[in-house]
Colleague: 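The following block contains the structure, expressed as structure tokens.
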Number of protein chains: 2
Amino acid sequence: MPPTRTRNRRATINDVASAAGLSRGTVSRVVNGERYVSDEARVAVEEAIARVGYVRNSAARNLVTQESRAIALIIHEPHSLLFEDPNIGSILLGANAVLSKADYQLVSLIIDSDRDSRRVADYLRGGLVDGAVIVSARASDPIASAVRDIGVPAAFVGHPPGTPDLPYVAIDNVAAARAITQRLIGTGRRRIGMIASAMDRDSGHDRFTGFRDALGGRFDASLVVEYPLYTYAAGLEGMQELLRRCPEIDGVFAASDAVAAGAMTALQESGRKVPDDVGIVGFDDSSWALRTRPQLSTVKQPADLLGSTAAELVLAQIRGLPSPVQVLDTTVVWRDSA
Amino acid sequence: MPPTRTRNRRATINDVASAAGLSRGTVSRVVNGERYVSDEARVAVEEAIARVGYVRNSAARNLVTQESRAIALIIHEPHSLLFEDPNIGSILLGANAVLSKADYQLVSLIIDSDRDSRRVADYLRGGLVDGAVIVSARASDPIASAVRDIGVPAAFVGHPPGTPDLPYVAIDNVAAARAITQRLIGTGRRRIGMIASAMDRDSGHDRFTGFRDALGGRFDASLVVEYPLYTYAAGLEGMQELLRRCPEIDGVFAASDAVAAGAMTALQESGRKVPDDVGIVGFDDSSWALRTRPQLSTVKQPADLLGSTAAELVLAQIRGLPSPVQVLDTTVVWRDSA
DNA sequence: TTGAAAGCGCTAACAA
DNA sequence: TTGTTAGCGCTTTCAA
């Protein structure tokens with residue numbers, strides 16, 4: 001058989017109607033499970049559908065109903081990080097679960113270039129989705145304002161600065177960072193540094209703010225290094241730099257678990273013991289936290305809840321209900337690294 | 001302002017036409033960038049579009065053109081693993097790059113339940129996409145046969161047993177596993193075991209086959225443990241089990257880098273030195289490989305190429321061109337763990 | 001309970 | 001170069 005698949009004309013509702021000896025209207029009613037269809041008619045239509053192999057054309061249906069029953073999830077993540085950040089998977093799955101239950105299809109659109117950015121905006125504008133969840137937007141992200149301009153119901157996960165005034169769901173990164181830093185202080189650490197990351201995202205920026213707050217007058221800017229991404233590599237390099245700057249450092253707040261894992265490797269390579277010589281804490285409570293030795297003390301953030309709540313925010317807007325900003329709780333998980 | 005966003009009727013091509021004092025046909029020509037439009041007309045239309053805020057309705061367009069210019073990427077991955085497997089991100093990005101250049105929108109659909117499976121099948125059937133790439137299908141995956149039945153141009157990444165006869169792109173897992181096992185043998189290891197994973201996927205199954213082939217008569221089934229997923233946890237437990245069964249084990253092939261990283265932790269906790277006491281190799285050359293100490297010897301598989309090639313296979317079918325099965329090359333990356 | 005007919009917004013063939 | 005017109009396949013009145 002040649003590779004060219006002859007997509008012979010698909011059966012339409014008209015084919016079903018004539019095969020069943022009924023009108024288009026009746027077929028439509030059966031397909032949509034409406035009342036006021038006689039049992040005979042229903043059977044005849046179902047039989048005809050099977051016989052001609054009919055499947056409804058979504059474009060035609062969307063055109064007349066003016067809805068698509070699909071929601072976009074827009075992922076705007078730097079190349080290297082996509083999917084190395086375990087939160088994204090959880091957010092995706094959380095959103096999918098809620099939408100699936102409401103009988104909406106989640107379609108994930110990834111933005112990896114300016115060209116993508118424009119195409120995705122067109123996709124939203126074209127009416128192919130009824131709403132959008134935006135994850136990992138950066139400060140002044142163009143797609144964010146495009147979404148607002150398009151006027152499609154939308155919600156952010158997180159709340160980057162410079163972002164339009166749309167509903168969002170987030171955690172209180174400032175408070176959480178403050179809390180875990182305080183516990184680091186509480187264990188008697190004297191020289192506490194931070195490996196900050198992703199300062200152009202609300203999460204990165206706010207974690208740094210919480211850290212500084214907690215330290216108050218004891219905050220020392222020279223004990224803070226900054227990297228663009230939440231990665232293992234950032235932790236590795238960041239810790240090495242911190243050790244160069246201050247060999248007596250005895251406490252470190254890493255902006256994420258992946259960063260903490262990298263930092264821990266650097267610490268061990270320098271011959272220091274965790275937590276005896278240096279205490280270290282992370283953020284996320286991702287699978288990283290259980291992989292390090294010793295296991296990581298960290299902040300547990302409910303990534304799947306972020307996703308499901310964002311999805312609910314979008315559904316609420318579609319239904320004309322209020323969609324208030326949501327701030328979810330975090331908890332400190334104390335293990336052995338500090 | 002109330003949260004209910006009044007989505008006042010969107011401007012249609014008719015609104016533009018009357019605003020510009022021209023016909024629908026001319027407007028359509030301008031919008032689609034066709035020739036045979038006078039400069040005056042073009043300017044008038046563009047001006048009118050801006051004035052009334054027109055955006056083309058995709059459903060209407062798809063209905064008449066009978067195409068969507070979108071390609072689905074179907075991800076069917078167990079909950080925990082989604083996005084912990086760095087390959088998926090690379091595959092996604094690779095496919096996106098190719099499709100973006102061809103002006104197709106990649107829409108990722110995730111399957112996390114039977115309900116999802118049905119809804120995704122409906123989505124494909126409805127004509128909302130012109131083709132599909134299927135990643136991480138398992139043996140006899142229902143979505144795989146659904147795709148075949150639907151008759152939409154499609155390609156697999158990987159080639160699970162029991163999968164319909166559709167084009168696919170894969171690496172030769174058997175040969176690659178054989179090659180790296182041979183190098184393990186070549187370094188003088190005498191008691192070589194394997195931590196196998198995902199035996200219901202072609203990758204997992206074939207890596208095991210390659211391992212057994214390479215060992216030939218020296219293959220010892222008691223030195224093989226098997227886990228369902230390619231995870232760090234599988235490596236940790238698997239290695240502990242292997243050490244219980246055979247404390248003198250001196251070589252291990254882990255089915256993926258994540259598994260190898262877990263195994264290495266177990267080895268270190270048991271007081272053994274890598275590579276002096278035990279040599280260990282992985283598979284993927286993912287970011288895991290650079291994170292372990294010592295760094296991992298592994299098989300480099302071109303994950304982004306898998307994605308881009310699969311996308312090309314789908315585009316070829318859409319264009320009526322041949323879409324032959326593709327087997328991509330892998331290379332052994334020799335570092336310090338064996 | 002069913003049928004007939006209008007029309008969703010757009011493209012494309014044909015005529016002018 | 002432009003306008004007119006006939007649908008794409010479906011839902012949804014309105015009548016019967």
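So that the names make sense, note that chain A is the first sequence line, chain B the second, and so on, each numbered from 1. Fair warning: this is a prediction, and the values are worked out from it, not measured in the lab.
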Colleague: Nearest of C:dA12, D:dC10, C:dG9 to any side-chain atom of B:Glu34?
Modeller: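 Within the option list, the nearest is C:dA12.
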
Colleague: Any donor-acceptor pair, under 3.5 Å, between the side chain of A:Arg29 and the base of C:dG3, if you only look at N and O atoms?
Modeller: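 For A:Arg29, whose side chain was compared with the base of C:dG3, there is a donor-acceptor pair (under 3.5 Å).
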
Colleague: Before accepting this row, confirm whether a basic side-chain N of the pair B:Arg125/B:Asp122 lies closer than 4.0 Å to the acidic partner's carboxylate O.
Modeller: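 The answer is yes: the pair qualifies as a salt bridge.
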
Colleague: So which atom in A:Asp141 and which in A:His76 form the shortest heavy-atom distance, rounded to 0.1 Å?
Modeller: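 Smallest heavy-atom distance, with atoms named: OD2-ND1, 2.7 Å.
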
Colleague: What residues in residues 38-50 of chain B put a non-hydrogen atom under 4.0 Å from any atom of DNA chain D?
Modeller: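 B:Ser38, B:Ala41 - these, ordered by number, are the residues of the stretch whose heavy atoms sit under 4.0 Å from the strand.
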
Colleague: Select one nucleotide: of C:dA12, D:dT11, D:dG9, the one nearest the side-chain heavy atoms of A:Arg61.
Modeller: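 Looking only at heavy atoms from C-beta outward on A:Arg61, the closest nucleotide is D:dT11.
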
Colleague: When you get a sec, tell me which of D:dT12, D:dT2, C:dT11 is the closest nucleotide to the side chain of A:Ser28?
Modeller: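 Shortest atom-to-atom distance from the side chain points to D:dT12.
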
Colleague: So, OP1 or OP2 of C:dC8: does either fall under 4.0 Å of a side-chain N or O from A:Asn62?
Modeller: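 A:Asn62 to C:dC8 OP1/OP2: no side-chain N or O under 4.0 Å.
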
Colleague: May I ask you to verify if any side-chain N or O of A:Gln66 is less than 4.0 angstrom from the OP1 or OP2 atom of C:dG9?
Modeller: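 Yes, because at least one side-chain N or O of A:Gln66 sits under 4.0 Å from OP1 or OP2 of C:dG9.
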
Colleague: Is any side-chain nitrogen or oxygen of A:Tyr54 closer than 4.0 Å to OP1 or OP2 of D:dC10?
Modeller: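 Result: yes.
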
Colleague: Which ones in residues 14-25 of chain A lie close to DNA chain D, meaning a heavy atom under 4.0 Å from one of its atoms?
Modeller: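 By residue number: A:Arg24, A:Gly25.
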
Colleague: Among C:dG9, D:dT12, D:dG9, which nucleotide has an atom closest to any side-chain atom of B:Asn57?
Modeller: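 Of all the options, the side chain of B:Asn57 is nearest to C:dG9.
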
